[in-house]
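Heavy atoms only: backbone and side chains are in, while hydrogens, waters and symmetry mates are out. Counting starts at 1 for both ligands and their atoms, in listed order.
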Amino acid sequence: MNLPYYVTWTKQKDASTFEIDCVDGATVTTKDGLRLIDMSSISYQAHFGHNHPTIIKHIKNQLDTIPMSSPKGIYPGKNETTLQLLQYMKKENGKIFYTTSGAESVENALKIARDITKKKIVLARSNSYHGATLGALSATGDWRNAPHITPEGWVVRIPEPNENNALEKTREIILQNGPEKIAAIILETITGGNGVYSGSSEWWKGIKNLCVEFNILLIMDEVVCGFERTGKSFGYMHYDVEPDLLCLAKGITGGMIPFGAVWTSKKISDYYEDNILCCGLTNYAHPLGVAALKGVLEIVHNEEFIKNLKKIIVLFIQELEKCRLLPIVKEIRVQGMLCAIDLHQTIEGKKFFQNGVYLVAQNKRIILAPPLIINESLLKDGMSKIYQVLKESI
Ligand SMILES: Cc1ncc(COP(=O)(O)O)c(C=O)c1O
């Protein structure tokens, strides 16, 4: 199809697209009448399905009252919703900087870390994705960061958590590059699209100890893992480690409004009492984003939602156990409603698509992240369709 706009992350002549007719909860129906069960929350943002009434209600109310604002404007709900977010994060002692995407959250976190420390280098993992803007992409270690795109010397790679002596090697890297030049370490709390890998609690504690010893800030990227995705409200809650900055997006509005946020510690917010915060966006704290966030906070505080989610996670794990037995399956890693299935061979996403399932398929791997509101029968249906494709593909 000859489109007047670009399709992301692909050769334009090979682009694969699909026409959407309507959406309902965890399903999307195409113009050809194919009903797809969304098993990856599209790109891990449709946490609450595609048309959650609570989020829609708050966005509509906002449209009818104050649909846009100045970045410095205080409109009803801005303070209250931000305080509720801080409480929900268990981070009342810090402050929020709002953005309009995950990449911008990372971008601003990197800027703040470099500004506060007056240092330049950032440490990051190779197996990582942090966004497509120049700063966020420089921290990204996967194929999307082609070496010719991002400036050299901004980022230094550290070993993966599962490598032998990972922390000893990280310490050596810090010493080689000079701790006086290293501003921050940026890490996804659990690697999302690059395979659902978590570091152990010991590894995270070791990382934090290095940060404290060498005066390096710890930036945790929660863009995928935030808002109940991994069985806890936020990914960082799996570890006993204090971040200095947290990056949020995607689930923050369930994907319904482009939005994001960075949480910064009290030490950082105190610094900006007397120093200029050289960060800003025209659509800073956009009322529609804050309204959608208000809806999200209402959902995650609903006891029924949390009770159902706990049941759905158990069912998801049971269904995955069935897939584990298939010869094509090499390994499964799952944390809450986020899962990677490593395969012995590549299966193209279109095979699942034709079978009525939308998911993220990469080289010899599929990533599952069903909407958190998916019901039992739809989840079972989606998993059995995936099982069928996996079974027939060997
Ligand atoms: C861990 C992580 N960080 C940051 C981003 C960038 O978010 P966005 O695409 O909203 O800019 C992504 C996007 O997938 C992500 O997975």
Side-chain angles (χ1 to χ4, degrees), residues 6-10 38 40-47 97-113 122 124-145 149-150 155 160-161 184-199 218-230 234-236 238 243 245-263 279 281 283-284 286 288-289 292-293 296 333 335-340 349 358-362 365-369:
Y6 287 108
V7 178
T8 56
W9 305 118
T10 182
D38 180 4
S40 66
S41 297
I42 299 295
S43 300
Y44 324 118
Q45 78 272 43
H47 276 42
F97 180 87
Y98 284 111
T99 71
T100 56
S101 68
E104 279 179 3
S105 297
V106 169
E107 206 71 30
N108 282 287
L110 296 174
K111 272 174 71 179
I112 290 171
V122 170
R125 283 169 59 182
S126 295
N127 194 35
S128 63
Y129 182 67
H130 294 291
T133 53
L134 206 53
L137 194 65
S138 71
T140 293
D142 75 14
W143 67 273
R144 286 167 280 196
N145 180 1
I149 293 182
T150 63
V155 170
E160 298 300 308
I185 303 186
I186 183 165
L187 299 163
E188 287 169 76
T189 45
I190 295 162
T191 311
N194 279 304
V196 191
Y197 290 99
S198 335
L218 179 57
I219 305 173
M220 286 175 147
D221 181 341
E222 289 274 13
V223 170
V224 167
C225 297
F227 299 91
E228 311 294 334
R229 168 57 63 202
T230 67
F234 290 88
Y236 84 88
H238 290 284
L245 299 110
L246 282 166
C247 301
L248 313 177
K250 297 198 191 261
I252 193 169
T253 56
M256 291 208 196
I257 299 280
F259 205 56
V262 184
W263 171 86
C279 300
L281 302 89
N283 287 313
Y284 180 80
H286 194 285
L288 296 181
L293 166 59
V296 164
R333 292 173 296 283
Q335 186 80 60
M337 292 297 274
L338 182 64
C339 167
Y358 185 93
L359 53 68
V360 177
Q362 308 157 340
R365 175 179 289 157
I366 59 175
I367 305 280
L368 304 180

Whether Gln45 side chain and Ser43 backbone form a donor-acceptor pair below 3.5 Å: yes
Check whether the side chains of Tyr197 and Arg333 place a donor and an acceptor atom closer than 3.5 Å, and report yes or no. yes
For Ala103, the atoms of ligand 1 under 4.0 Å from one of its heavy atoms are 6 (C), 7 (O), 8 (P), 11 (O)
Atoms of ligand 1 less than 4.0 Å from Gly102 heavy atoms? 6 (C), 7 (O), 8 (P), 10 (O), 11 (O)
What I want to check is whether the side chains of Thr100 and His286 have a donor and an acceptor closer together than 3.5 Å. no
Side chains of Glu188 and Ser128: is there a donor and an acceptor less than 3.5 Å apart? no
Taking the non-hydrogen atoms of Lys250, is any one of them nearer than 4.0 angstrom to ligand 1? yes
Hey, does the Lys NZ or Arg CZ of Arg144 hover above the aromatic six-ring of Tyr129, less than 6.0 Å from the centre and inside 45° of the axis? yes
Could you check whether atom 14 (O) of ligand 1 has a protein contact, counting only heavy atoms that fall below 4.0 angstrom? yes
Got the closest protein heavy atom to atom 16 (O) of ligand 1, with its distance? Val224 CG2, 3.2 Å
Atom 2 (C) of ligand 1 [closest protein heavy-atom partner, distance rounded to 0.1 Å]: Tyr129 O, 3.3 Å
Nearest protein heavy-atom contact for atom 3 (N) of ligand 1: which residue, which atom, what distance? Asp221 OD2, 2.7 Å
Determine whether the side chains of Thr230 and Gln335 contain a donor N or O and an acceptor N or O closer than 3.5 Å. no
Subset of ligand 1 atoms that lie under 4.0 Å from at least one heavy atom of Glu188: 1 (C)
